[in-house]
**Q** 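Let me begin by handing over the structure; questions about it come next.
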Amino acid sequence: KNRAPGVMYGKNQDKMVIKYIPTWMEVKVGDEVITSGLDNIFFEGVKVGIVKSVSSDNAYKEVQVAGYYNPLSPNYFYVIEKRTNTFRFKG
């Protein structure tokens, strides 16, 4: 329902950070992080993880994220094929 824009950086599920969240946006520990689809890389609504900490400076907030993905125990994966502006999912 409430969404906050930001740019995610990270190397793995333990080192994910979302930067450039406007300071007036309400973000709190425990909020779920999902993709927006605005980057045209990931489609909208992919569950990424949970906010584990929030910090801010004068202009922006920064959020640490605990990712859902566990590389040691993959239960499923998706292959996404792009065909003429539509996507088909295999699972």
Side-chain angles (χ1 to χ4, degrees):
K1 190 174 180 179
N2 296 323
R3 295 181 180 197
V7 178
M8 179 173 265
Y9 299 90
K11 293 186 178 188
N12 59 42
Q13 76 277 8
D14 295 325
K15 295 183 181 178
M16 291 190 290
V17 158
I18 301 175
K19 296 183 177 186
Y20 310 116
I21 300 169
T23 55
W24 64 86
M25 302 296 298
E26 185 178 336
V27 179
K28 56 189 178 304
V29 173
D31 284 350
E32 186 168 51
V33 177
I34 62 169
T35 57
S36 67
L38 296 175
D39 58 9
N40 290 319
I41 298 171
F42 299 102
F43 52 93
E44 181 180 0
V46 176
K47 294 182 177 186
V48 176
I50 298 288
V51 173
K52 61 182 183 181
S53 71
V54 180
S55 60
S56 62
D57 60 20
N58 292 333
Y60 298 103
K61 288 184 180 178
E62 185 174 290
V63 168
Q64 300 287 325
V65 178
Y68 288 139
Y69 175 70
N70 180 352
L72 300 177
S73 179
N75 295 324
Y76 62 90
F77 66 94
Y78 292 100
V79 175
I80 304 169
E81 298 176 347
K82 183 175 182 181
R83 294 184 182 186
T84 62
N85 297 328
T86 60
F87 291 95
R88 184 172 61 124
F89 303 99
K90 296 179 182 178

**Q** Is there a continuous path of hydrophobic side-chain contacts, each under 4.5 Å between heavy atoms, that joins Met8 to Val27?
**A**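 Result: yes, single cluster for both.
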
**Q** Suppose we screen for ring-ring contact (aromatic ring centres under 6.0 Å, His included). Which residues come up paired with Tyr9, at least two apart in sequence or across chains?
**A**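 Expected list: none.
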
**Q** Measure the CZ-CG distance between Arg3 and Asp31 for me, rounded to the nearest 0.5 Å.
**A**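 The distance works out to 13.0 Å.
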
**Q** Identify the two heavy atoms, one from Ala4 and one from Ile21, that lie closest to each other, and give their separation to 0.1 Å.
**A**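 Nearest pair, atom of Ala4 first, then Ile21: CB-CG2, 4.0 Å.
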
**Q** Would Val63 and Tyr60 show up in the same hydrophobic cluster when neighbours are defined by side-chain heavy atoms closer than 4.5 Å?
**A**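 Unlinked, Val63 and Tyr60 end up in two clusters.
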
**Q** List for me each residue that meets side chain to side chain donor-acceptor pair (under 3.5 Å) alongside Glu26, sequence neighbours excluded, and say none if there are none.
**A**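 Result, side chain to side chain donor-acceptor pair (under 3.5 Å) vs Glu26: none returned.
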
**Q** Same cluster for Trp24 and Val7 if Ile/Leu/Val/Met/Phe/Trp/Tyr side chains link at under 4.5 Å?
**A**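 Different clusters.
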
**Q** Listed by chain and number, what are the side chain to side chain contact (heavy atoms under 4.5 Å, CB included) partners of Val17, not counting sequence neighbours?
**A**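 Lys19, Glu62, Gln64.
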
**Q** Looking at every heavy atom in both Gly67 and Met16, which two are closest together, and how far apart are they?
**A**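 Nearest pair, atom of Gly67 first, then Met16: CA-CE, 3.0 Å.
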
**Q** Could you check whether any side-chain N or O of Lys61 sits under 3.5 Å from a backbone N or O of Met25, counting only pairs where one atom can act as donor and the other as acceptor?
**A**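 It does hold such a pair.
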
**Q** Ignoring hydrogens and angles, write down the donor-acceptor pairs under 3.5 Å from the side chains of residues 32-39, residues two or more places apart or on other chains.
**A**
| from | atom 1 | to | atom 2 | distance (Å) |
| --- | --- | --- | --- | --- |
| Glu32 | OE2 | Tyr68 | OH | 2.7 |
| Thr35 | OG1 | Phe43 | O | 2.6 |
| Thr35 | OG1 | Gly45 | N | 3.4 |
| Thr35 | OG1 | Val46 | N | 3.0 |
| Ser36 | OG | Leu38 | N | 3.1 |
| Asp39 | OD1 | Ile41 | N | 2.9 |
| Asp39 | OD1 | Phe42 | N | 3.2 |

